[in-house]
Amino acid sequence: RSIERVLEGTPSLEHVGRTYGVTINVTDKFGGSDQEVFSVAVVNVNDRPEFALEASQRIYDGETYRYEIEVSDLDEEIYESEEAVKVSLRRGLPSWLLMSKNSSGNQEIVGDATNGDVGSYTIEVMATDANGEVVTGDYTLTVENRNDVPKILTTGVQEVTENKYYRYEFEVEDADFKVEGDSEALYYSVSKPDWLRIENERATDEGQRFDLVGTPTDHAVKELSQVV
């Protein structure tokens, strides 16, 4: 009669790429024996790369954005591994951002956000391993608007001649007007003499304009004072 025994076990990742010798000796009660010698090579089953992405990120306009794409692959831990993972952009990168290798050799997304970049972006990246296995990952980057102070672009004429028409075209801009969907509004007040009046108030793409006009009578040359 025969006797059967099962030799079993489950190799882990650390055993991949190695060959193990096995020797089985059998002896009967009379001292007879036999031996089997063989080897077991542990072959790798390819593992997919995995991203470690921060799902939702926020910055403010005027800030520099810098984010290193982290990806791992268990196959890199194999004995004498030749695994290599390539990270690339799939879609969603706005023109103000650039993906490139950093000093550590990893892919990094870098860029400077301005008022015109305010909004949300879904950025999708992909990783390809040496076996051709492809995985994708995405995250959301939101650029928040940081309030910008208004900036007066013009300088008033400081002198006016009596009985001569005076006109000063005043203009102010606010970078927040460049933000799509922003409800920015400007409010102003003017401290002025009675002979001056405000005309032709109008909006511009980035702010507001108006004309300060009038003709002084019975007045000597004066300095004009405005508070906006």
Self-check item: Gln107/Lys86 under side chain to side chain contact (heavy atoms under 4.5 Å, CB included): CA gap, chis, key distance, verdict
Solution: CA-CA 9 Å; Gln107 291 291 336; Lys86 178 183 178 182; over 6 Å; no
Self-check item: Leu7 vs Val22, side chain to side chain contact (heavy atoms under 4.5 Å, CB included): CA-CA, chis, key distance, verdict
Solution: CA-CA 10 Å; Leu7 184 65; Val22 179; 3.8 Å; yes
Exercise. Apply the test salt bridge (charged side-chain N to carboxylate O under 4.0 Å, His left out) to residues Lys101 and Glu108: give CA-CA distance (whole Å), side-chain angles for both, the deciding distance (0.1 Å), then the verdict.
Key: CA-CA 6 Å; Lys101 280 189 178 182; Glu108 187 176 60; over 6 Å; no
Practice problem: Test Phe51 against Tyr139 for ring pair (Phe, Tyr, Trp, His ring centres under 6.0 Å), laying out the working first. | Solution: CA-CA 11 Å; Phe51 283 108; Tyr139 68 95; 9.8 Å; no
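Taking each heavy atom of Val135 and Pro49 in turn, the nearest pair found is CG2-O, 3.4 Å. Nearest heavy atoms, Pro150 versus Val172: CB-CG2, 3.9 Å. Thr215 and Asn163 make their closest contact through CG2-C, 3.5 Å (heavy atoms, listed as atom of the first residue, atom of the second, distance). Residues Thr204 and Glu171 share a closest heavy-atom pair of CG2-OE2, 4.5 Å. The nearest pair of heavy atoms linking Asn106 to Glu68 is ND2-OE2, 2.9 Å. Between Val118 and Val143, the closest heavy-atom pair is CG1-O, 3.3 Å.
A 4.5 Å side-chain heavy-atom check between Leu141 and Leu97 finds at least one atom pair inside the cut-off. At a threshold of 4.5 Å between non-hydrogen side-chain atoms, the residues Asn46 and Asp75 count as touching. The closest side-chain heavy-atom distance from Trp96 to Tyr121 is below 4.5 Å. For the pair Val110/Tyr65, no side-chain contact is recorded, criterion being any heavy-atom separation below 4.5 Å from C-beta on. Looking at Ile123 and Ile109, their side chains come closer than 4.5 Å, going by heavy atoms from C-beta outward. Using a 4.5 Å heavy-atom cutoff, the side chains of Ile24 and Phe38 are in contact. Using a 4.5 Å cut-off on side-chain heavy atoms (C-beta onward), His15 and Tyr20 make contact. Looking at Val85 and Glu76, their side chains come closer than 4.5 Å, going by heavy atoms from C-beta outward.
Rounding to the nearest 0.5 Å gives a distance of 10.5 Å between OG of Ser191 and CG of Leu196. Arg91 CZ to Glu124 CD: the interatomic distance, rounded to the nearest 0.5 Å, is 4.5 Å. In this structure, CD1 on Ile78 lies 5.0 Å from CG on Leu13, to the nearest 0.5 angstrom. If you take CG on Leu212 and CG on Asn200, they are separated by 12.5 Å, rounding to the nearest 0.5 Å. To the nearest 0.5 angstrom, Met126 atom CE is 8.0 Å from Thr136 atom OG1. Of the inter-residue distances, the one linking Asn115 atom CG with Glu206 atom CD reads 9.5 Å to the nearest 0.5 angstrom.
Heavy atoms from other residues, nucleotides or ligands lying under 6.0 Å from CD of Glu50 number 12 at most. Heavy-atom neighbours of Asp205 CG from other residues, nucleotides or ligands within 6.0 Å: at or below the threshold of 12. Within a 6.0 Å sphere centred on CG of Asp194, other residues, nucleotides and ligands contribute 12 heavy atoms or fewer. The local environment of OH in Tyr60 is sparse, with at most 12 non-hydrogen atoms from other residues, nucleotides or ligands closer than 6.0 Å.
The cluster map of Ile, Leu, Val, Met, Phe, Trp and Tyr, joined by side-chain heavy atoms under 4.5 Å apart, puts Tyr188 and Leu186 in the same cluster. Cluster membership for Leu98 and Val125, using ILVMFWY side-chain heavy atoms within less than 4.5 angstrom, is not shared. A continuous path of ILVMFWY side-chain contacts below 4.5 Å connects Ile152 to Val190, so both sit in one hydrophobic cluster. Note: the hydrophobic cluster containing Ile59 also contains Met99 (ILVMFWY, side chain heavy atoms under 4.5 Å, direct or indirect links). Residues Leu153 and Phe170 do not share a hydrophobic cluster, defined by chaining ILVMFWY side chains whose heavy atoms lie under 4.5 Å apart.
For Glu80, the salt bridge (charged side-chain N to carboxylate O under 4.0 Å, His left out) criterion is met by no residue, not counting sequence neighbours.
Side chains of Thr142 and Ser120: a donor-acceptor N/O pair is present below 3.5 angstrom, by distance only. Using a 3.5 Å distance cut-off with no hydrogens or angles, the side chains of Asp112 and Thr64 do pair a donor with an acceptor. Side-chain atoms of Tyr166 and Thr161 form no donor-acceptor pair, as typed in the model, at a separation below 3.5 Å.
Not a single donor-acceptor pair under 3.5 Å links the side chain of Asp174 to the backbone N or O of Phe177. With Asp129 contributing its side chain and Asn131 its backbone, the two residues share a donor-acceptor pair below 3.5 Å. Within the 3.5 Å criterion, the main-chain N or O of Thr23 finds no donor-acceptor partner in the side chain of Glu36. The closest donor-acceptor contact from the side chain of Glu201 to the backbone of Ile198 lies at 3.5 Å or more, if one exists at all.
Ion pairing of Arg202 with Asp211 is present here, as a side-chain N (NZ or NE/NH1/NH2) and a carboxylate O approach within less than 4.0 Å. Under 4.0 Å is where a charged nitrogen must lie from a carboxylate oxygen, and between Glu173 and Lys151 no such pair does. Look at Glu199 and Arg197 and you find a salt bridge, because one of the NZ, NE, NH1 or NH2 atoms lies within 4.0 Å of a carboxylate O, short of that distance.
Applying the side-chain contact (heavy atoms from CB on, under 4.5 Å) test between Asp61 and each of Asp148, Asn147, Asp176, Asp117 identifies Asp148 as the sole match.
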